Number of protein chains: 2
Amino acid sequence: MPPSANTGSKRPRSRRARGSINAPGILAGVFEFCRDTPVDQLSMPRLAAYLDVGVTSIYWYFKSKRELLDAMAEEALVSFYESMPALRGDAWEDVLREFFKNFYALLAVDDLKCDLIARRIGSLTYQETITSWPRAAELLAGLRDAGFPSSLAWHAFFTLSTYTRGFLLTERPAEDPAAAVPAAAQPSGVTVPEDFEFGITNIILGLRTLLPEDARDRDVA
Amino acid sequence: MPPSANTGSKRPRSRRARGSINAPGILAGVFEFCRDTPVDQLSMPRLAAYLDVGVTSIYWYFKSKRELLDAMAEEALVSFYESMPALRGDAWEDVLREFFKNFYALLAVDDLKCDLIARRIGSLTYQETITSWPRAAELLAGLRDAGFPSSLAWHAFFTLSTYTRGFLLTERPAEDPAAAVPAAAQPSGVTVPEDFEFGITNIILGLRTLLPEDARDRDVA
DNA sequence: ACCTGAACACCGTTCAAGT
DNA sequence: ACCTGAACACCGTTCAAGT
């Protein structure tokens, strides 16, 4: 009990210095908050208490909870894009497989990112993808280099990411708000990473069939 | 204004005959309620008012909102299974394609079923699938007849349904609770049915590659 | 401009009580 | 046994007011 503790036995009158909170601070705080608590249990009063500010302070920077969640999703997406490792492999098949294995692994390991990205954000358009996700743009360029017409390359990417998102959501169904039980029992769909990879292999085999004949035996640049 | 109208100008004292509500009645009522209002906006008090009973009456038959939603999902699933048309086509490729086109079309056209089935229910295990979904059991039997080892047949089914669910959720992202705007502007992912079919074709082509050699030229019995 | 406590209309759920 | 109105502890959001 340090001498600088609260003067009164009740709550401290002023909790934070006045200009000490702002949009980035709130964003950082909510991510910290969500390391202990699932997003579905995030509430504005709870977050305010955690940040040691009044609820209304949050509403000064974010017009609604929706807006806050959107900002979180945006930040999670950027961080996800950046954490995607560089493309590896010579054959387009290997590059594609590694890319989506990473896609899957990064989100499967991070519940919050998975909720924010795979659940909240649907899929992106072609334009959005190539402008905001450099690694995906590289991947698509690689597919074109391998001989895929660009619309086919995009369809391939779309199919694989739709499958990947579907798989992630299968493993991570809508949160039960009243889930006091820690874990111990997965709902039903007993899936393992090998199950995920089967689908990827399957789709890649199909793409090999779709690759125009004249591109089948091309060198790697 | 019929003479049998409420005696008082305020709310009628007793709304319903006493034994007039029960679990099936509530279930029927909530489906009716959800024809006008998205599930995400379903609340227990609202439903009670719609059914013209006290909230507590609902809690007598369903221990929680969760339990009510589970019962809805169960009923929606049964109805979905029954609405799947009989298998058609000679080649396994055609049968598979038609099956998943129907899967997609039935849920794409029915927001409530889509929410209940594609969003709430993850994927089913092999056992659950063949026991509760006769059409899927037929489909899997057909794949085995075509020469697919049974674990490969199941993986094929799982891949296709994961893709289908992913696609449906892409089109139908988490509901905005504050969506007063009727429609007019889809979020971003401009998808058309042809986009869906591309992925199905892609996966089927991959499966053709995976079909054991000795089964390639078999008759249709 | 930034931030506060108190309030509003809601929610899911439960209580004590009626029939 | 079935059902009620009233209450509880919460929620998202807004208000009038403080600095």
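For clarity, every value in this text was computed on a predicted model and none was experimentally measured.
- Checked against the 6.0 Å centroid criterion, the rings of A:Trp133 and A:Phe99 qualify as a close aromatic pair.
- With ring centers used as reference points, A:Phe103 lies under 6.0 Å from A:Phe80.
- Rounded to an integer number of Å, the gap from CG of A:Asp52 to C1' of C:dC3 is 13 Å.
- Atom pair A:Trp60:CH2 and C:dA1:P shows a separation of 6 Å (rounding to whole Å applied).
- Looking at heavy-atom distances under 4.0 Å, B:Ser57 makes contact with a base.
- Between A:Phe167 and B:Tyr163, the ring centre distance reaches or exceeds 6.0 Å.
- The distance between atom CD1 of A:Ile21 and atom P of C:dA1, rounded to the nearest whole Å, is 20 Å.
- Protein atom CZ of B:Arg46 is 10 Å distant from nucleotide atom C1' of C:dC11, rounded to whole Å.
- Remark: B:Ser64 is not in phosphate contact with C:dG12, judged by side-chain N or O atoms under 4.0 Å from OP1 or OP2.
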Could you list all N or O pairs between the protein and nucleotides 15-19 of chain C that sit under 3.5 Å apart?
residue	atom	partner	partner atom	Å
C:dG18	N2	B:Arg18	NH2	2.8

Practice problem: Show your working on salt bridge (charged side-chain N to carboxylate O under 4.0 Å, His left out) between B:Glu138 and B:Arg135 and close with a plain yes or no. | Solution: CA-CA 5 Å; B:Glu138 284 175 45; B:Arg135 214 62 90 191; 3.3 Å; yes
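- Residue B:Phe62 is classed as having no contact, given no heavy-atom separation below 4.0 Å to the nucleic acid.
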Quiz prompt | CA sep, side-chain torsions, deciding dist, call: B:Lys101, B:Glu98, salt bridge (charged side-chain N to carboxylate O under 4.0 Å, His left out) | solution = CA-CA 5 Å; B:Lys101 273 170 71 175; B:Glu98 285 306 309; 3.6 Å; yes
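- Look at NZ on A:Lys65: it is 14 Å from P on D:dT14, rounded to the nearest Å.
- Using cut-offs of 30° and 60° on the angle between ring planes, the pair A:Phe196 and A:Tyr104 is parallel.
- In this structure, the CE atom of B:Met44 is 21 Å from the P atom of D:dA7, given to the nearest Å.
- Nucleotide C:dA9 holds its P atom 19 Å from the CD atom of B:Gln41, rounded to whole Å.
- Within the nucleic acid shown, A:Leu42 comes within 4.0 Å of sugar-phosphate atoms alone, with no base atom in reach, counting heavy atoms only.
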Quiz item: Going through the checks in order, is the side chain to side chain donor-acceptor pair (under 3.5 Å) test met by B:Thr125 and B:Glu128?
Solution: CA-CA 5 Å; B:Thr125 62; B:Glu128 288 164 341; 3.3 Å; yes
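- Atom CD of B:Glu67 is separated from atom P of C:dG12 by 15 Å (rounded to the nearest Å).
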Quiz prompt | ring pair (Phe, Tyr, Trp, His ring centres under 6.0 Å) between B:Phe157 and B:Phe148, worked out | solution = CA-CA 12 Å; B:Phe157 180 86; B:Phe148 284 95; over 10 Å; no
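- One finds a side-chain N or O of B:Tyr61 lying less than 4.0 angstrom from the OP1 or OP2 phosphate oxygen of D:dC3.
- Checked against side-chain contact (heavy atoms from CB on, under 4.5 Å), B:Tyr59 has the following partners two or more places apart in sequence or in another chain: B:Met44, B:Val55.
- Among the duplex regions that DNA chain D forms, those built from at least three successive Watson-Crick or G-U pairs under 3.5 Å are C:4-8 with D:12-16, C:12-16 with D:4-8, ordered by first number.
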